[in-house]
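All ligand and atom numbering here is 1-based and tracks the order in the structure.
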Amino acid sequence: MTNHQIIVPLDVSDLESAIALVDQLPQVTFWKVGLELFTSTGPTIVEILKSRQKRIFLDLKFHDIPNTVAGACRAAASYGVDLLTIHATNGKDALKAAVEAVQIGAEKAGTKPPKLIAITLLTSISTRQLAFDLKIPLELPEFALQMALLAQESGLDGAVCSPQEVGQLRESCGNDFLLVCPGVRPTWAEKGDQKRSLSPSQAILAGADYLVIGRPITAAAEPELAWNQIVEEINTVS
Ligand SMILES: O=C(O)c1cc(=O)[nH]c(=O)n1[C@@H]1O[C@H](COP(=O)(O)O)[C@@H](O)[C@H]1O
């Protein structure tokens with residue numbers, strides 16, 4: 001694990017705030033553009049990050065019928081981003097359509113297709129919420145595993161999971177399956193709405209390829225110091 005495997009989300013509302021954050025943390029090489037910022041700025045933020053040679057995780061978490069999901073994936077693949085998300089709960093038909101669509105979209109735009117990764121179960125969902133609110137009659141780790149296996153069978157490149165499930169997913173899905181972990185919290189950081197967190201070093205030891213770490217860095221009084229502390233922590237285990 002190196003600091004290039006830490007992805008920092010640009011969870012801000014406008015272009016100016018996003019650029020300010022990118023300028024404030026020049027050592028970050030991999031940024032995530034999510035629903036809030038992309039809805040606000042459209043592809044402009046992607047172009048800006050690309051012009052600065054940054055890697056981009058376009059986290060739009062598509063969830064719709066196969067035809068609609070395929071169309072969205074074709075469009076997203078034309079931006080030349082590195083990672084793109086879709087929910088595993090779209091089901092096999094939509095996942096397969098998405099796999100095909102990113103190839104077509106990228107080819108048409110003359111760019112490299114993004115790695116398509118599936119959300120297994122949002123890291124803000126607890127065991128209790130899975131059972132009582134969503135009425136899923138499976139243990140949480142089993143549900144996350146089944147969603148990852150569905151994504152793998154459908155031809156996706158990887159999955160997004162909490163650090164608490166990453167060990168089991170790594171064991172079952174193998175080393176070629178990309179595993180991205182949000183919900184990572186250093187011991188000194190607030191958990192906020194994350195329900196299934198572990199520390200950066202624990203997530204890496206459990207088998208994560210990438211860590212998505214937002215507020216512990218971006219909402220810190222000194223973001224650069226927080227980044228350095230996290231890099232130092234992961235260096236002790238890699
Ligand atoms: O797809 C994601 O990145 C994602 C999936 C998930 O299950 N949980 C999750 O927190 N995320 C994203 O990861 C980031 C976590 O941010 P912090 O909680 O501030 O570290 C946010 O941008 C979320 O949108």
Side-chain angles (χ1 to χ4, degrees), residues 5-13 17-18 21-22 25 28 30-41 45 49 55-63 72-73 76 81-90 95 98 114-127 129-130 134 136 140-141 143-145 147-148 151 156-166 169 178-200 202-204 206 208-221 223 226-227 229-231 233-234:
Q5 286 157 289
I6 304 174
I7 303 174
V8 181
L10 282 166
D11 287 334
V12 292
S13 60
S17 315
L21 205 47
V22 173
L25 289 166
V28 176
F30 210 151
W31 289 98
K32 182 166 86 79
V33 175
L35 289 172
E36 182 182 8
L37 186 59
F38 195 79
T39 304
S40 160
T41 69
I45 181 63
L49 290 170
R55 298 176 76 201
I56 304 166
F57 173 5
L58 187 58
D59 177 28
L60 299 181
K61 294 190 179 69
F62 294 135
H63 200 187
C73 285
V81 296
D82 298 280
L83 295 176
L84 179 68
T85 44
I86 174 171
H87 279 280
T89 49
N90 274 291
L95 293 174
K115 300 270 186 215
L116 187 62
I117 57 177
I119 309 294
T120 52
L121 178 70
L122 290 171
T123 56
S124 54
I125 301 288
S126 66
T127 302
Q129 287 166 335
L130 185 74
L134 304 184
I136 305 282
L140 192 152
F143 179 75
L145 175 61
M147 291 304 100
L156 272 77
D157 300 294
V160 179
C161 64
S162 99
Q164 293 189 10
E165 293 104 50
V166 72
L169 266 57
L178 206 59
L179 292 173
V180 177
C181 285
V184 175
R185 288 291 182 264
T187 50
W188 42 265
E190 297 277 330
K191 292 226 169 15
D193 48 5
Q194 298 291 356
K195 298 280 169 49
R196 311 196 309 280
S197 56
L198 289 181
S199 72
Q202 287 170 322
I204 289 154
D209 292 303
Y210 290 99
L211 308 182
V212 179
I213 311 179
R215 286 163 290 181
I217 299 169
T218 56
W227 165 268
Q229 280 178 320
I230 290 168
V231 170
E233 177 181 333
I234 63 173

Which part of Ile119 is near ligand 1, with near meaning a heavy atom under 4.0 Å away: side chain, backbone, both or neither?
-> side chain
Side chain, backbone, both or neither: which part of Thr123 comes within less than 4.0 Å of ligand 1 when only heavy atoms are counted?
-> both
If you count the atoms of ligand 1 from 1 in the order shown, which ones are under 4.0 Å from a heavy atom of [X]?
| X | value |
| --- | --- |
| Asp11 | 21 (C), 22 (O) |
| Arg185 | 17 (P), 18 (O), 19 (O), 20 (O) |
| Val212 | 13 (O), 14 (C) |
| Pro9 | 22 (O) |
| Arg215 | 17 (P), 18 (O), 19 (O), 20 (O) |
| Val160 | 5 (C) |

Hey, does the side chain of Thr120 reach the backbone of Met147 with a donor-acceptor pair shorter than 3.5 angstrom?
-> no
Backbone or side chain, does any N or O of [X] fall under 3.5 Å from an N or O of ligand 1?
| X | value |
| --- | --- |
| Gly214 | yes |
| Thr85 | no |
| Gln194 | yes |

Do Arg196 and Glu165 meet the salt-bridge criterion of a basic N to acidic O distance under 4.0 Å?
-> yes
Any heavy-atom pair between the side chains of [Y] and [X] that's under 4.5 Å?
| X | Y | value |
| --- | --- | --- |
| Phe62 | Leu116 | no |
| Pro186 | Ile230 | yes |
| Val184 | Gln194 | no |
| Lys32 | Tyr210 | no |

Between the CD1 atom in Ile117 and the NZ atom in Lys61, the distance rounded to the nearest 0.5 Å is 9.5 Å
Closest non-hydrogen contact found for Ile125 with Leu140 is O-CD1, 4.0 Å
What are the two closest non-hydrogen atoms of Val180 and Phe57, and how far apart are they?
-> CG1-CE2, 4.3 Å
Return the closest protein heavy atom for [atom] as residue, atom name and distance.
| atom | answer |
| --- | --- |
| atom 5 (C) of ligand 1 | Pro182 CG, 3.5 Å |
| atom 1 (O) of ligand 1 | Lys61 NZ, 3.0 Å |
| atom 23 (C) of ligand 1 | Lys32 NZ, 3.8 Å |

